[in-house]
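Heads up: the structure comes next, in structure tokens.
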Amino acid sequence: MTGSPTQGIKTVLHPVSDLPTAKVMYAALLGVSPQTDGPYYVGFEAAGQQIGLVPGGGPQGLTSPVAYWHVPDLEAKLAEVTAAGAVVKEPAHDVGGGRLVATVTDPDGNVVGLLQDR
């Protein structure tokens, strides 16, 4: 198979109903304080992983954790996975700092995230 390789899963977003309580629990689990701490997103960096807490599932409407595969070319990877049967759930868009994200669903309806840092 040809195509652009992934750089692995480096980001996982978790929808939470109680951000302050979740922040305390994840800080204890990860052994670090949040790197980003706001009312709409709390982010941790631990062992090269980005763990994000999104209150109420955020604008993405997350209902379960979503793992984001880091890719060098988001548009190319979207084309590859949709040609292979994935369906775009959330089109590619910039979430700040030059970071592009998108989500697709696999043939079983599982949500898969794609992320490109510019």
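Keep in mind that this is a model prediction, so the values were computed, not measured.
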Check your understanding: What closest approach, in Å, do Pro107 and Gly85 show between heavy atoms, and which atom pair accounts for it?
Key -> CG-O, 4.2 Å
Exercise for review: Can you tell me which residue pairs pass the salt bridge (charged side-chain N to carboxylate O under 4.0 Å, His left out) test with a partner in residues 91-103, sequence neighbours excluded?
Suggested key: Arg99-Asp117
Practice item. May I have all residue pairs that pass salt bridge (charged side-chain N to carboxylate O under 4.0 Å, His left out) and include part of residues 51-60, sequence neighbours excluded? Key: none
Check your understanding: Does some side-chain heavy atom of Leu78 sit less than 4.5 Å from a side-chain heavy atom of Leu114?
Key -> yes
Point to revise | From CA spacing to verdict: side-chain contact (heavy atoms from CB on, under 4.5 Å), Thr82, Val88 | key: CA-CA 7 Å; Thr82 56; Val88 174; 3.7 Å; yes
Return a table of donor-acceptor pairs under 3.5 angstrom between the side chains of residues 50-59 and protein atoms on other chains or two or more places apart.
{"residue": "Gln50", "atom": "NE2", "partner": "Glu45", "partner atom": "OE1", "Å": "3.3"}

**Study point:** Same apolar cluster (I L V M F W Y, side chains within < 4.5 Å links), Leu29/Val42
**Key:** yes
Study note, to complete from the structure: Scanning both residues in full, the closest heavy-atom pair of Leu19 with Gly38 reads CD2-O, 3.6 Å
Review point. What is the distance from atom NZ of Lys23 to atom CG of Asp37, rounded to the nearest 0.5 Å?
Key: 3.5 Å
Review point. When hydrophobic residues are tied together by side-chain contacts of less than 4.5 Å, even through go-betweens, does Val16 share a cluster with Leu30?
Key: yes
Quiz: residues 60-75 side-chain donor-acceptor pairs under 3.5 angstrom, not counting sequence neighbours:
{"residue": "His70", "atom": "NE2", "partner": "Thr11", "partner atom": "OG1", "Å": "2.7"}
{"residue": "Asp73", "atom": "OD1", "partner": "Glu75", "partner atom": "N", "Å": "3.3"}
{"residue": "Asp73", "atom": "OD1", "partner": "Ala76", "partner atom": "N", "Å": "3.1"}

Review point. Just wondering, do Leu13 and Pro15 contact through their side chains at under 4.5 Å, heavy atoms?
Key: no
Exercise for review: Give every residue pair that meets the ring-ring contact (aromatic ring centres under 6.0 Å, His included) criterion with at least one member in residues 15-40, sequence neighbours excluded.
Suggested key: His14-Tyr26
Check your understanding: Atom NZ in Lys89, atom CG in Asn110: separation rounded to 0.5 Å?
Key -> 12.0 Å
Practice item. Answer yes if Met25 and Tyr41 sit in the same cluster of Ile, Leu, Val, Met, Phe, Trp and Tyr residues linked by side chain heavy atoms under 4.5 Å apart, and no otherwise. Key: no
Revision key, fill the gap. Tracing side-chain contacts under 4.5 Å among Ile, Leu, Val, Met, Phe, Trp and Tyr outward from Val24 reaches none
Review point. Heavy-atom distance under 4.5 Å between the side chains of Val112 and Thr105, does that happen here?
Key: no
Exercise for review: Check whether Val104 and Val12 end up in the same hydrophobic cluster, where Ile, Leu, Val, Met, Phe, Trp and Tyr are linked by side-chain heavy atoms less than 4.5 Å apart.
Suggested key: yes
